[in-house]
Number of protein chains: 2
Amino acid sequence: MEATTAIAALSALAQEHRLALFRLLVQAGEEGMAAGAIADALGVPNSSLSFHLAQLNRAGLVRQERQHRSLIYRADYAAMNGLVSYLIENCCAGAGCGADQACVETDARQKRKSA
Amino acid sequence: MEATTAIAALSALAQEHRLALFRLLVQAGEEGMAAGAIADALGVPNSSLSFHLAQLNRAGLVRQERQHRSLIYRADYAAMNGLVSYLIENCCAGAGCGADQACVETDARQKRKSA
DNA sequence: TCCTCGTTTCGAGGATCATGGAAATGTCAG
DNA sequence: CTGACATTTCCATGATCCTCGAAACGAGGA
């Protein structure tokens, strides 16, 4: 992942409504949600929500698909994991982070992915 | 982690210089780096760097410690992992994300942590 | 104490972003 | 074709953020 891509993703997530929206889609899973249902769940005006959905889409964090009259949105798990991996890249200079077990786990996980 | 905290962290990371800075500290590990050394490595004016370091510090992503005349900065791995966990919370609605192996891994990792 | 070095704060200018109503677009049923 | 519905685009307003030189601050060394 390039820095530009990561910044786009982080900028997209660094906003109250968009963070809630993305997490909603992450938890919704493969089924996804229609724009209207999301607006309902979040209590955001349609025009605002559309703006935020477009931002997340442009950042590659969500994908849209037509289904009858509705647009279904889904979280892009690959992009999400790519961002996470980018953040913890070469974590801890190979020192194992001392007492921080969580960091060791994420580091190991990344190595497993690239192997 | 609360939404406000996560947004603060994401906002802090959603900026070219700060993202590079944070990743530099993540890779530097426990040893950390002095403000001057960071400014040198990134080619950013001192005043700008100080501004960005303050943002990361206020977001809880880095910690500072005096050492003689220099201020040593270190990445806060606990905060980093907290943010990651917040993002992937209840990932995939327990569906295993279909073909997306990476997501399954992160989901499993999170469950392991909270167990 | 005086001076130097490392770092932070101040301040103004330019750039980017969020909001939400109204109008436009696209999709389908009758 | 017409009407109804779901969603997006347009647009102006207000708010927030980034930059960096200059000045201020704080900690040692002589």
Side-chain angles (χ1 to χ4, degrees), chain A residues 3-25 28 31-76, chain B residues 3-25 28 31-76:
Chain A
T4 309
T5 311
I7 291 173
L10 289 166
S11 299
L13 291 174
Q15 209 279 337
E16 183 186 349
H17 294 320
R18 285 197 296 266
L19 180 57
L21 165 42
F22 179 72
R23 274 167 39 93
L24 192 63
L25 289 180
E31 195 180 337
M33 288 181 77
I38 300 173
D40 245 29
L42 266 56
V44 175
N46 280 342
S47 61
S48 293
L49 184 84
S50 183
F51 169 73
H52 292 307
L53 277 170
Q55 300 263 332
L56 285 171
N57 192 30
R58 195 148 47 81
L61 288 168
V62 306
R63 306 209 174 279
Q64 67 180 184
E65 181 195 347
R66 253 229 133 77
Q67 202 163 97
H68 306 302
R69 257 180 282 192
S70 298
L71 279 173
I72 305 294
Y73 283 88
R74 281 184 248 278
D76 186 318
Chain B
T4 309
T5 311
I7 291 173
L10 289 165
S11 299
L13 292 174
Q15 209 279 335
E16 184 185 350
H17 291 147
R18 284 197 297 267
L19 181 57
L21 165 42
F22 180 72
R23 274 167 39 95
L24 191 65
L25 289 180
E31 195 178 337
M33 288 181 77
I38 299 173
D40 245 29
L42 267 56
V44 174
N46 280 343
S47 60
S48 294
L49 184 84
S50 184
F51 170 74
H52 292 307
L53 277 170
Q55 300 262 335
L56 285 171
N57 192 30
R58 197 148 45 82
L61 288 169
V62 306
R63 304 207 175 280
Q64 67 179 185
E65 181 194 348
R66 256 229 132 78
Q67 201 162 99
H68 306 301
R69 256 180 283 193
S70 298
L71 279 174
I72 306 294
Y73 283 87
R74 282 183 249 276
D76 186 319

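The figures that follow rest on heavy atoms only: side chains count, while hydrogens, waters and symmetry mates do not. Every chain is numbered from 1, with letters handed out A, B, ... down the list of sequences.
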Students should find that the nucleotides of DNA chain C closing off the region near chain A, any atom under 4.0 angstrom from a heavy atom, are dA18(C) to dC28(C)
With rounding to the nearest 0.5 angstrom, report the [atom1] to [atom2] distance, [X] to [Y].
X: H52(A); Y: I38(A); atom1: NE2; atom2: CD1; answer: 12.0 Å
X: N46(A); Y: D40(A); atom1: CG; atom2: CG; answer: 9.0 Å
X: L61(B); Y: L53(B); atom1: CG; atom2: CG; answer: 11.5 Å
X: M33(B); Y: R74(B); atom1: CE; atom2: CZ; answer: 12.5 Å
X: L71(A); Y: E65(A); atom1: CG; atom2: CD; answer: 9.5 Å

Among residues 44-62 of chain B, which contact DNA chain D at a heavy-atom distance under 4.0 Å?
P45(B), S47(B), S48(B), F51(B), H52(B)
Partner residues of R63(A) under the salt bridge (charged side-chain N to carboxylate O under 4.0 Å, His left out) criterion, sequence neighbours left out
D76(A)
Within less than 4.0 Å of OP1 or OP2 of dA6(D), is there a side-chain N or O belonging to Y73(A)?
no
Between L71(B) (CG) and dC25(D) (P), how many Å, whole number?
17 Å
Expressed in angstrom and rounded to an integer, what is the separation of I72(A) atom CD1 from dA6(D) atom P?
12 Å
Which pair of heavy atoms, one from [X] and one from [Y], lies closest together, and at what distance?
X: A14(B); Y: A14(A); result: CB-CB, 4.4 Å
X: A59(A); Y: A8(A); result: CB-O, 3.6 Å
X: L24(B); Y: A41(B); result: CD2-CB, 4.0 Å
X: R66(A); Y: R69(A); result: NH2-O, 3.9 Å
X: Q15(A); Y: H17(A); result: OE1-N, 2.9 Å

Under 4.0 Å, heavy atoms only, any strand: does A39(A) hit a base, just the sugar-phosphate, or nothing?
nothing
Worked check of side chain to side chain contact (heavy atoms under 4.5 Å, CB included) between F51(B) and R18(B)
CA-CA 10 Å; F51(B) 170 74; R18(B) 284 197 297 267; 4.2 Å; yes
Is there any protein nitrogen or oxygen under 3.5 Å from a nitrogen or oxygen in nucleotides 27-30 of chain D, and what are the pairs?
| from | atom 1 | to | atom 2 | distance (Å) |
| --- | --- | --- | --- | --- |
| dG28(D) | OP1 | H68(B) | O | 3.4 |

Let me see the working for Q64(B) and Y73(B) under side chain to side chain contact (heavy atoms under 4.5 Å, CB included), right down to the final yes or no.
CA-CA 5 Å; Q64(B) 67 179 185; Y73(B) 283 87; 2.7 Å; yes
Taking L21(A) as the fixed residue, which of L13(A), V44(A), L56(A) is the one that meets the side chain to side chain contact (heavy atoms under 4.5 Å, CB included) rule?
L56(A)
Before giving the answer on side chain to side chain contact (heavy atoms under 4.5 Å, CB included), spell out for R23(B) and L19(B) the whole-Å C-alpha distance, their side-chain angles and the decisive distance to 0.1 Å.
CA-CA 6 Å; R23(B) 274 167 39 95; L19(B) 181 57; 4.2 Å; yes
Axis-to-axis angle across the helix from dT1(C)-dA30(D) to dG30(C)-dC1(D), five pairs each end, nearest 10 degrees, ~ 30°
Could you identify which residues of residues 9-22 of chain A place a heavy atom less than 4.0 Å from some atom of DNA chain C, listed by residue number, or say none?
Q15(A), H17(A), R18(A)
